[in-house]
Amino acid sequence: MTEFITQNFVPLLFGGLFVFLLTGIPVAFGLAATGLLFGFIGMEVGLFPTSLFQALPQRVFGIMQNDTLLAIPFFTFMGIILERSGMAEDLLETVGQVFGPLRGGLAVAVILVGALLAATTGVVAAAVISMGLISLPIMLRYGYNRTIATGTITASGTLAQAIPPSLVLIVLADQMGRSVGDMYAGAMVPGLLLVALYIAFVAVVAFVKPKWVPALPQEARIYREANGASGHVSLLVLLAVCGGAAYAWSQVHDSLFKAWLGRTNPSPGDEVLIMSLTVASFLALGLAIVNSVTRMGLLSKLAERFTYVLIPPLVLIFLVLGTIFLGVATPTEGGAMGALGALLMAMGRRKLSGALMHQALDSTAKLATFVLFILIGSTVFSFTFNAADGHIWVEHLFDKLPGGALGFLIVVNILVFILGCFIDFFEIAFIVIPILMPVAEKILPGMFPPGTPVDAIMVWFGVVLAMNLQTSFLTPPFGFALFYLRSVAAKADYKDRITGENIPAVTTAQIYKGSIAFICLQVIMVAAVIAFPGMVTDGIGNAVQIDADKALESMGMPAREAPAPMPGMDAGASAPGAAAPSATENNEDPMKALLESVNKDATKK
């Protein structure tokens, strides 16, 4: 029996975890219980020393001291304040009025607002529920096809998984040991391309089946001028003026910052882009304020409303993500600025109250505690897993797969996709990712040209997993986004309060059917990220190499001299009797080294 346990310890460990999870106890406690139980079993059969868990308290304290994880409560608090202060309602109403006159305009408005909510809240449930409560009744009122309406809402809500400041990206970066800023930068282009793919799909539907996505009727367009004009011309002129201002700033940005900051190198492209968009946003907001105060009639009602509703969240996005991308702030600091900005926006809208603060703080504390308990439980589990050389077992499990690195990537994505249908992404990130990371770091570089930084490859791997998890949120019958919409969609026939017509209930089958087309679009996007990794890796990990001798010379200091050889030794020779360190020693597992050290200490005693 002892020999059987020793030879099959890692499979038994996973089987034990599966049994614990089937009992229905919380995942965090199931992970910790599995790790402790099998750790003690390993001690009894002689697989581990009795001092195995001596370092566990330090690991737990290390979790509590992790500054990166502070970004989770900050971004959660920001999202809850914005969502409950009515920002989603105003965005959906205003953007819907802008695109309403077009076929498919309401669906495009839902997609764009979903992207904005993703960039400001980062929470899938908040986005899906808000748009389900506000947009779905309007889309059904004016004759939208039900599968298109429900699919657009659920798919747009899941954008919060892939567009920064996604909580998924923060957790993945932490578990992979990579920069959150790099993860954000890598996910930005695929996320925006996915938004464009959704809009292109709606445009195709509007062309092929125009009755499925009708335009808003005249009586539903609430922002009209005294002469009956819609106000779109004024909005286009405002956008053109602000676009011109952004372009003008981009031309002088480099020279201005060189003069102000004494720079010698040209300004980075992302800095120029963010500053140009910020200038355009503040110009639009300034013109709207002047128009309101002076009553000059410079802007139409639609343009003024569009500016007041859209510019504040855009400025908040630039403030949070811009400072992170430019390296001015860490993700934790950016999250703190975002939380402060959300409070200021709620105060400006006169929606900040004691009840709202209590709800936001309560929800934030619950989520942060939930995440930390799962992380502590997964740490206990991985402690035992690594002590048993589980990463070697997993590596042998994958190294026989056909297709090499691509085969590994496909199998991992299928595994994560299936798990995403049943368990939350936090559990996946804290259980699966630490197990796969050592294998991925060895196998995936084979897909890239020699010299590609490992950090960039791992960021790309993280973005692929985030896009995959987004797809699993939509997959029937267990997709979480489908359940969120089901909870707020009409379960019985009702009479519309505007038209007075009877609206049939939304069935679960219609919600499931609506997600299929968008699942296909997301799978296409995942395949595109795998096929064209440059959309993630470009600009990541390409650190400037500094020649230390030239740097010293430029400061008027002598260059470094090569160390003189030891007496009696040839240059470049090794010390007598000293063996060159092997690759195995260089790549030694930290947990194995810790166990060897503990054993040595026990022997000395």
Side-chain angles (χ1 to χ4, degrees), residues 68 118-119 159 161-197 265-274 321-327 330-331 334 398 403-413 416-417 429 432-434 436-471 522-546:
T68 302
L159 290 172
Q161 293 286 99
I163 295 181
S166 164
L167 299 183
V168 177
L169 298 175
I170 296 175
V171 174
L172 286 176
D174 176 72
Q175 291 301 293
M176 291 181 166
R178 263 66 197 185
S179 163
V180 178
D182 283 349
M183 196 72 77
Y184 279 179
M188 184 60 74
V189 172
L192 295 179
L193 286 178
L194 185 60
V195 173
L197 198 60
N265 297 325
S267 301
D270 52 0
E271 177 184 301
V272 176
L273 176 63
I274 291 170
L321 298 183
T323 53
I324 294 173
F325 289 163
L326 298 179
T330 64
F398 284 105
L406 184 60
F408 165 78
L409 194 63
I410 292 173
V411 170
V412 166
N413 274 281
V416 171
F417 179 85
V432 179
I433 301 305
L436 295 177
M437 275 301 297
V439 184
E441 288 179 341
K442 291 183 179 180
I443 294 179
L444 291 182
M447 295 180 62
F448 289 79
T452 305
V454 176
D455 282 347
I457 296 172
M458 290 300 101
V459 168
W460 168 77
F461 182 51
V463 172
V464 170
L465 292 180
M467 302 289 287
N468 189 341
L469 285 170
Q470 180 185 1
T471 305
Q522 289 187 352
V523 170
I524 291 172
M525 196 65 232
V526 172
V529 174
I530 294 174
F532 304 102
M535 69 174 69
V536 175
T537 59
D538 286 351
I540 294 178
N542 298 327
V544 178
Q545 300 296 321
I546 299 175

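What's counted below: heavy atoms across the whole structure, side chains too, no hydrogens, waters or symmetry copies. Numbering of residues begins at 1 and proceeds along the displayed sequence. In this text, all values refer to a predicted model and were calculated from it rather than measured experimentally.
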Testing the basics here: between [X] and [Y], what is the closest heavy-atom pair and its distance to 0.1 Å?
{"X": "Gly186", "Y": "Val536", "result": "O-CG2, 3.6 Å"}
{"X": "Pro331", "Y": "Gly181", "result": "CG-N, 4.1 Å"}
{"X": "Pro434", "Y": "Gln175", "result": "CG-OE1, 3.2 Å"}
{"X": "Val439", "Y": "Phe408", "result": "CG1-CE1, 3.8 Å"}
{"X": "Ala162", "Y": "Ala187", "result": "O-CB, 3.4 Å"}
{"X": "Gln470", "Y": "Gln161", "result": "CB-CB, 3.8 Å"}

Is any side-chain heavy atom of [X] closer than 4.5 Å to a side-chain heavy atom of [Y]?
{"X": "Val195", "Y": "Ile163", "value": "yes"}
{"X": "Val459", "Y": "Met176", "value": "no"}
{"X": "Pro190", "Y": "Val463", "value": "yes"}
{"X": "Asn413", "Y": "Met467", "value": "no"}
{"X": "Val526", "Y": "Gln522", "value": "no"}

Hey, what do you get for [atom1] ([X]) to [atom2] ([Y]), rounding to the nearest 0.5 Å?
{"X": "Met183", "Y": "Met458", "atom1": "CE", "atom2": "CE", "answer": "10.0 Å"}
{"X": "Glu441", "Y": "Asp455", "atom1": "CD", "atom2": "CG", "answer": "8.5 Å"}
{"X": "Leu172", "Y": "Leu465", "atom1": "CG", "atom2": "CG", "answer": "6.5 Å"}

Requested in this report: Would you check, one step at a time, whether the test side chain to side chain contact (heavy atoms under 4.5 Å, CB included) holds for Trp460 with Met447?
Outcome: CA-CA 12 Å; Trp460 168 77; Met447 295 180 62; 4.1 Å; yes
Requested in this report: Any chance you could lay out the side chain to side chain contact (heavy atoms under 4.5 Å, CB included) test for Thr537 and Thr452, step after step, and finish with the verdict?
Outcome: CA-CA 9 Å; Thr537 59; Thr452 305; 5.6 Å; no
